[in-house]
Amino acid sequence: MFGERVYLLSPAWVKTTILGLYGLYERVKRRGTFYRVHYYRLSNLLRASLGEVEQYQSDRLRELLLEAYDYSPYYRDIFYKKSIERDNLLEVEPKLILQKLPYLEKKDLRANLSSITSANPRRRARAVVSTSGTTGSPLQVLFDSESRQATFAEWRRYYDWLGLPKTFKSVRFSGRIIVDPTTKSPPFWVYNWAERQLFMSTYHLKEDYLAYYVDKLNKYKPDFIDGYPSAIYLLARFILQSKTKISFKPIAISVTAESFLDYQRAAIESAFGCKAYNQYASSEGAPWIVECMEGNYHLWIDTGVFQFKKKYALGNDGYVAELVLSSFRNFKVPLIKYRIGDCVVLNHKSSVCACGCPLPFVKAIVGREDDILYTYERGYVGRLDPVYKGIKGIIQSKIIQYSPQKLEVLLVVDENFNSKEELRLKRNLQDRLGGVDLHLNRVNSIPLGKAGKLKSVERRFSIDEFDETRSG
């Protein structure tokens, strides 16, 4: 804590020196022999047939189960209770073994983290990664050297997926506090010269400061921008409204960690003149889901096994399913049938994506289960972002549902949001939700959640509780 405070109070050139040296140190740790081997293997798999990728998935799942059996006391006890011997893991199709295992709940991971962690002497802990703690206190997960390098090999393949060259200049907007939050003058950013990466603060994206951000971006000319969509959208909106000229064109923009709303995507792509992609993974090591040019979300099944639970019908929009994950990203802390708490929208019928990738895909990433709303008239309602389509003047928004019949929408707006726009938004919401008690409240700001994230939808009640009342 003391070291962090000293860093924040240091002049800009000291911050740049510290971050660059740390980036150089991390670069060496992340790009060892296993990084190169894993990246080569993953790159070839993107060009392989679906059958070849599925065989690789099966082989990796077997390795994961064996690691858990040999070195994880928590899983060894489960295998014993299920009468699963080591020979079974070698001889039986691993997905059949997976079916017999219980779910790993978040509370179980938190309570049993030390006994879940692999005691394999070859897997010495090399890094500690903290989750954002959106469902409680942050969780600290260990990574060994091999698992850490695997993660960054997967990142490199993702950059290939987006069409980025081997070296490129990037900008990142995340919840990391890189500049003292009380600072009132630039720079609101720090440069990591070892990775050619400019970290920009998400805590200073205020109207008075946005011109400084755009000026810096024009001077830096990044090839790639990634981070929270709410942060990148604020810049995009400023660029469009102020008619500021952008002197560069990124190859791609990638967002993560928050719901990606349609109006955010439209503004970001218009302002920067390139495609914006959505991507899903997690700090604790969830397998990857990545968006393609066609707007579908491909499951990278060579990074884990995806299973689905608790399906909610969404009419013609498909149905929502909770993700259950078995990840190949971190063998130091095996995650097997892990209920991570996030949901996706599945298609009614499976089909082949027009982008040419043979990997299966889902229709959308919903986010956490409490991002799914519920009303008596319409049942389960997901992906409310289309209600904002064509509505002018919205800077930020958040939907809060208190009961199946009562909702509040917090709105940060500008002068373009008039009574006509408000009526259109209200009608759009009622079309989706039915006859509910709906209140639109204009506010000066919407507080960010943990790690600087903006939660755009929040349901504050249990659906099961009201389901039981209704059925009775």
Side-chain angles (χ1 to χ4, degrees), residues 173 175 181 184 188 200-214 225 227-244 246 253 255 257-272 276 278 367 370-371 373 375 381-402 406-449 452-460:
F173 293 88
K184 298 185 184 302
F188 304 116
M200 287 191 140
S201 171
T202 58
Y203 299 97
H204 296 82
L205 291 169
K206 301 175 182 178
E207 198 70 28
D208 293 343
Y209 303 151
L210 292 177
Y212 294 118
Y213 280 82
V214 176
I225 300 173
Y228 297 163
S230 60
I232 302 172
Y233 165 72
L234 289 176
L235 268 181
R237 181 181 172 279
F238 173 80
I239 291 167
L240 294 174
Q241 291 204 337
S242 64
K243 297 182 180 178
T244 303
I246 295 297
I253 293 174
V255 304
E258 298 174 349
S259 296
F260 192 20
L261 306 178
D262 285 352
Y263 73 85
Q264 294 174 332
R265 183 190 293 272
I268 289 171
E269 292 184 344
S270 177
F272 292 102
N278 200 355
D370 57 2
D371 291 339
L373 303 185
T375 69
V381 182
R383 292 207 67 216
L384 276 173
D385 45 304
V387 303
Y388 299 105
K389 191 171 183 179
I391 305 294
K392 299 176 183 177
I394 297 178
I395 301 174
Q396 287 182 328
S397 64
K398 178 171 183 171
I399 298 172
I400 304 173
Q401 186 177 26
Y402 300 100
K406 184 178 180 181
L407 291 98
E408 177 184 23
V409 184
L410 304 180
L411 295 166
V412 180
V413 299
D414 62 21
E415 66 278 0
N416 295 309
F417 189 80
N418 52 35
S419 57
K420 182 179 177 181
E421 298 298 326
E422 182 173 333
L423 181 60
R424 288 179 61 197
L425 176 59
K426 196 165 187 176
R427 285 175 177 170
N428 288 350
L429 285 162
Q430 288 172 332
D431 286 344
R432 284 258 174 174
L433 299 168
V436 295
D437 182 11
L438 178 62
H439 297 273
L440 305 185
N441 293 327
R442 303 187 191 191
V443 297
N444 293 325
S445 63
I446 299 174
L448 298 178
K453 298 178 184 178
L454 176 64
K455 189 170 179 61
S456 60
V457 178
E458 182 179 350
R459 172 172 44 78
R460 295 185 178 178

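The distance from the CG atom of Asn278 to the CD1 atom of Ile253 is 12.5 Å, given to the nearest 0.5 Å. Once rounded to the nearest 0.5 Å, the distance linking OH of Tyr402 with CZ of Arg460 reads 5.0 Å. The line from CD of Gln430 to CG of Leu425 is 10.0 Å long, rounded to the nearest 0.5 Å. Considering OG of Ser445 and CD of Gln396, their distance stands at 8.0 Å, rounded to 0.5 Å. Taking CG of Asn441 as the start and CG of Leu411 as the end, the distance is 8.0 Å to the nearest 0.5 Å. Rounded to the nearest 0.5 angstrom, Ile391 CD1 and Asn428 CG are separated by 5.0 Å.
In this structure, Leu235 and Ile268 have side chains that are not in contact, with every pair of non-hydrogen atoms separated by 4.5 Å or more. Side-chain contact between Glu422 and Phe417: present, with at least one pair of heavy atoms (C-beta onward) separated by less than 4.5 Å. The shortest side-chain heavy-atom distance between Leu205 and Met200 does not fall under the 4.5 Å cut-off. Inter-residue side-chain proximity for Leu429 and Ile399 is flagged as met; some heavy-atom pair is nearer than 4.5 Å.
Looking at Tyr388 and Ser397, their side chains do bring a donor and an acceptor atom within 3.5 Å of each other.
With sequence neighbours left out, Phe188 forms a ring pair (Phe, Tyr, Trp, His ring centres under 6.0 Å) with His204, Tyr209, Tyr213. With sequence neighbours excluded, the residues forming a side-chain hydrogen bond (donor to acceptor under 3.5 Å, both in side chains) with Glu258 are Ser230, listed by chain and number. Residues satisfying the side-chain hydrogen bond (donor to acceptor under 3.5 Å, both in side chains) criterion with Asp208, sequence neighbours excluded, are absent altogether.
When all heavy atoms of Ile395 and Tyr263 are compared, the pair lying nearest together is O-OH, 4.4 Å. Considering all non-hydrogen atoms of both residues, Ile246 and Val214 come closest at CD1-CG1, 4.0 Å. Across Ile394 and Val413, no two heavy atoms sit closer than the pair CA-CG1, 4.4 Å. Between Thr202 and Ala231, the shortest heavy-atom contact is CG2-CB, 3.9 Å. Phe260 and Ala276 make their closest contact through CZ-CB, 3.9 Å (heavy atoms, listed as atom of the first residue, atom of the second, distance). Between Gly227 and Ile232, the closest heavy-atom pair is N-CD1, 4.0 Å.
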Subject >> Verdict with supporting geometry, Phe272 and Ile225, side-chain contact (heavy atoms from CB on, under 4.5 Å) >> reply: CA-CA 10 Å; Phe272 292 102; Ile225 300 173; 3.9 Å; yes
Subject >> Candidate pair Val409 and His439, rule side-chain contact (heavy atoms from CB on, under 4.5 Å), full reasoning >> reply: CA-CA 6 Å; Val409 184; His439 297 273; over 6 Å; no
**OP:** Verify side-chain contact (heavy atoms from CB on, under 4.5 Å) between Thr375 and Gln401, making sure each step is shown before the conclusion.
**Re:** CA-CA 10 Å; Thr375 69; Gln401 186 177 26; 3.9 Å; yes
**OP:** Give the C-alpha distance, both sets of side-chain angles, the deciding distance and a yes or no for side-chain contact (heavy atoms from CB on, under 4.5 Å) between Val412 and Val443.
**Re:** CA-CA 5 Å; Val412 180; Val443 297; 3.9 Å; yes
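The 12-atom threshold is exceeded at CZ of Arg442, counting heavy atoms of other residues, nucleotides or ligands nearer than 6.0 Å. Enclosure of atom NZ in Lys406 is not indicated, since only 12 or fewer non-hydrogen atoms of other residues, nucleotides or ligands lie within 6.0 angstrom.
In summary, Glu408 and Lys398 do not engage in a salt bridge, as defined by a charged side-chain N under 4.0 Å from a carboxylate O. For Arg424 and Glu421, the salt-bridge test passes: some basic side-chain N is under 4.0 Å from an acidic carboxylate O.
Within the 3.5 Å criterion, the main-chain N or O of Ser259 finds no donor-acceptor partner in the side chain of Ser456. Panel note: side chain Ser270, backbone Ala266; no donor-acceptor pair is recorded below 3.5 Å.
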